[in-house]
Amino acid sequence: MSPGHLTHVPDQRFDEFLLAAGALTPERPAVVEYAEGTVRTTTFRELQDSAARYAAELDRYGLDIGDRVMIVSDMSAQAVALLLACAARGLPFVPVSPEAPPERRATIAELAEPALCLTAASCDATAAPGATPVGQGSFGPEGIRVPHPPVPGARRRRALAPTDTAYIIFTSGTTGRPKGVVMSHRAVVSFYRGMLAERIVGADDRVASTSPLQFDFSLLDLGLALGSGAALVPVPRPLLRWPTRFLKVLRATGATQVNGVPSIWRQVLRHVPEQLAELPDLRGVLFCGEEFPTSELRHLQRLRPRMRLVNCYGATESMAASFADVPRPLPEETRRLPIGQGHTGAELLLVGEDGTVIEEAGTVGEMYLRSPALFSGYWADPGASAAALVPDPVEPRSGQRVFRTGDLACRGDDGELYFCGRNDSQVQIRGNRVELNEVQRRLLEFPGVTEAAALVVESPGQEPELAAFVVFDEEARPADESDVVAFCLRSMPAYMAPSLMRVTDALPVNQHGKTDHRKLVASLASA
Ligand SMILES: Nc1ncnc2c1ncn2[C@@H]1O[C@H](COS(=O)(=O)NC(=O)C[C@H](N)c2ccccc2)[C@@H](O)[C@H]1O
């Protein structure tokens, strides 16, 4: 966008944006689903009708603008219709994956206090422990069923504003409690518009989505597909683990674009590269969430040299921040991928420890994001919100807030930004955010554990792994390592549970008295 030139486009709700392009072509496919060998298509007209039916059913419960609806489901045509219905009624949706353990769902419900918790009729997620039946229900092709509906409260709102909340995504939090990222209709639609300016897909594309609904990557895929008048192809999560079945879904649905974290390609590249090379329709891949190992990226490029590869960088606090095409072919000397400088309408700044903006190439700084797509704040956490949404370092007097990403980067000679890691204890496991402090706190809750450490172990060509070390009280009988892992899995998603667990007599400390992570990692090698 040229400086000073703002095109006037009226604010749209999340659902209005997503249905606008398809309204011009109502008979075209909006969602293409694959189940047990059959492909089922939902047109834009059918999707709009389903959303309208769900919205009318939601009206029965007398909910007010801002009342939350927790949705436990994988991505599907029905789930998309329900997201659209909630948005049309100003009801913030809180997406939770059926894979999330019941205790995690209970924690999110405790924090978000949803008026309704609707579970997809097709999924057998067990009820969260201690959940009261009020507001618990299901949704599916037959509609919404809530056996014990909530009693309507007094209405406090008259009309929805663009700054009202479209959704809240709960992600790993440093305090050991999930953090709720609150995204407004204006923020999400601003991001979607910035993303569409990158021309990643067109109306004839079919965008395969491989992320769970509770990961905002799935919402990016939804906006990229429907916003472009293209079709969304939800890839059934269980099939992702089988490379041949994953490719079979792509072939059967005619997917032309595949979005996902880098690790979804690992097994395909390892076991069935020739099948990937032969896929007839695939012409684009977008990845995000963590760095794509350059060796694997080169392999992918060799197999499909004409395919466009887009590196998407960003955090849930703005859905994403930038897009950068991977150079084709990737030069041999390339060690780091460019992440771009901010999508259309957004700007990534590099800021030094002294708070000044860094312009020169080669100097590492922390990325701050200026964007209309910034989140409203963390749910019920004004302190964390104020620490993340800070005064504009270029002109603090303006009152404009920018997002402190916690990510380090440096500018190349080409002016491009290159990711250089984090400045805190947040790590990415298979593209998912993990706060090591949250894992550590959970380990310390295990009966008898007196000390705990969680860290990430990285080895070339392998996925980063979570390692954990626990020390038991002398009087306590040390538990089996597997019991400690199971204890973590009860309250956290699988990607947050340590895959390397060690019971040890003591944690080594360095000269500052801090846990010596290097020695812990070395102890794994010697074991
Ligand atoms: N392309 C990258 N290279 C390298 N490190 C990265 C990259 N994309 C994120 N990250 C890292 O992941 C962190 C964000 O983690 S997160 O909040 O869980 N969100 C995500 O990972 C997904 C993110 N919301 C998203 C959703 C949809 C499309 C793009 C991005 C960033 O702060 C970075 O540290």
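When a ligand or atom number is given, it counts from 1 through the structure's own listing order. Being a predicted model, the structure only gives us computed values, none of them experimental.
The proximity of Phe217 to ligand 1, defined as any non-hydrogen pair under 4.0 Å, involves the side chain as well as the backbone. Residue-level proximity to ligand 1 for Phe287 is absent, since no heavy atom of it falls below 4.0 angstrom. Contact annotation: for Arg433 versus ligand 1, heavy atoms closer than 4.0 Å belong to both the backbone and the side chain. If you look at Leu337 next to ligand 1, there are no close heavy atoms at all, none under 4.0 Å.
Annotation: Glu360, atom CD; neighbour count of heavy atoms from other residues, nucleotides and ligands within 6.0 Å is above 12. Counting heavy-atom neighbours within 6.0 Å of Asp413 CG, excluding the residue itself, gives a total of 12 or less.
The six-membered or imidazole ring of Phe191 lies near that of His343, with a centre-to-centre distance under 6.0 Å. Ring-centre distance between Phe14 and Phe93: below the 6.0 Å cut-off.
Close contacts between ligand 1 and Gln426 involve ligand atoms 13 (C), 32 (O) [criterion: under 4.0 Å to a heavy atom]. If you number the atoms of ligand 1 from 1 as listed, the ones under 4.0 Å from a heavy atom of Cys312 come out as 1 (N), 2 (C), 8 (N), 28 (C), 29 (C). Of all the atoms in ligand 1, the ones that sit under 4.0 Å from a non-hydrogen atom of Arg422 are 32 (O), 34 (O). Each of the following atoms of ligand 1 lies closer than 4.0 Å to a heavy atom of Gly431: 21 (O). Per-residue contacts place Met319 under 4.0 angstrom from the following atoms of ligand 1 (heavy atoms of the residue considered): 23 (C), 24 (N), 25 (C), 26 (C), 27 (C), 30 (C).
For ligand 1, the polar-atom distance check finds no N/O of Asn432 at less than 3.5 Å from any of the ligand's N/O atoms. Where the criterion is an N or O separation shorter than 3.5 Å, residue side chain and backbone included, Asp407 meets it with respect to ligand 1. In terms of N/O distances under 3.5 Å, ligand 1 is not approached by Leu220. At a 3.5 angstrom cut-off on N or O pairs, Asp216 counts as close to ligand 1. Residue Gln428 has at least one N or O atom closer than 3.5 Å to an N or O atom of ligand 1. Between Ala320 and ligand 1, no N or O atom pair is found at a separation short of 3.5 Å.
Arg422 and Gln428 are not linked by any side-chain donor-acceptor pair at a separation below 3.5 angstrom, with hydrogens and angles left out of the test. Neither side chain, Arg206 nor Thr253, offers a donor N or O lying under 3.5 Å from an acceptor on the other. A donor-acceptor contact closer than 3.5 angstrom is absent between the side chains of Ser263 and Glu463.
Taking 4.0 Å as the cut-off, Phe215 counts as a neighbour of ligand 1 on heavy-atom distance.
Between Glu438 atom CD and Ser425 atom OG the span is 10.5 Å, to the nearest 0.5 Å.
Looking from atom 19 (N) of ligand 1 to the surrounding protein, the closest heavy atom is Thr316 OG1, 3.4 Å. Protein heavy atom in closest approach to atom 30 (C) of ligand 1: Cys288 SG, 3.2 Å.
Of all non-hydrogen atoms in Arg308 and Arg199, the two that sit nearest each other are NH1-O, 2.9 Å.
A cation-pi arrangement is absent between Arg336 and Phe419, since the terminal nitrogen or guanidinium carbon is not both under 6.0 Å from the aromatic centre and inside a 45° cone about the axis.
A side-chain contact (heavy atoms from CB on, under 4.5 Å) with Phe292 is found for exactly one of Leu300, Val326, Leu309, namely Leu300.
Without hydrogens or angle criteria, Glu317 side chain to Phe375 main chain gives no donor-acceptor distance under 3.5 Å.
The heavy atom nearest to atom 14 (C) of ligand 1, out of those in Gly314, Ser318, Gly289, is found in Gly314.
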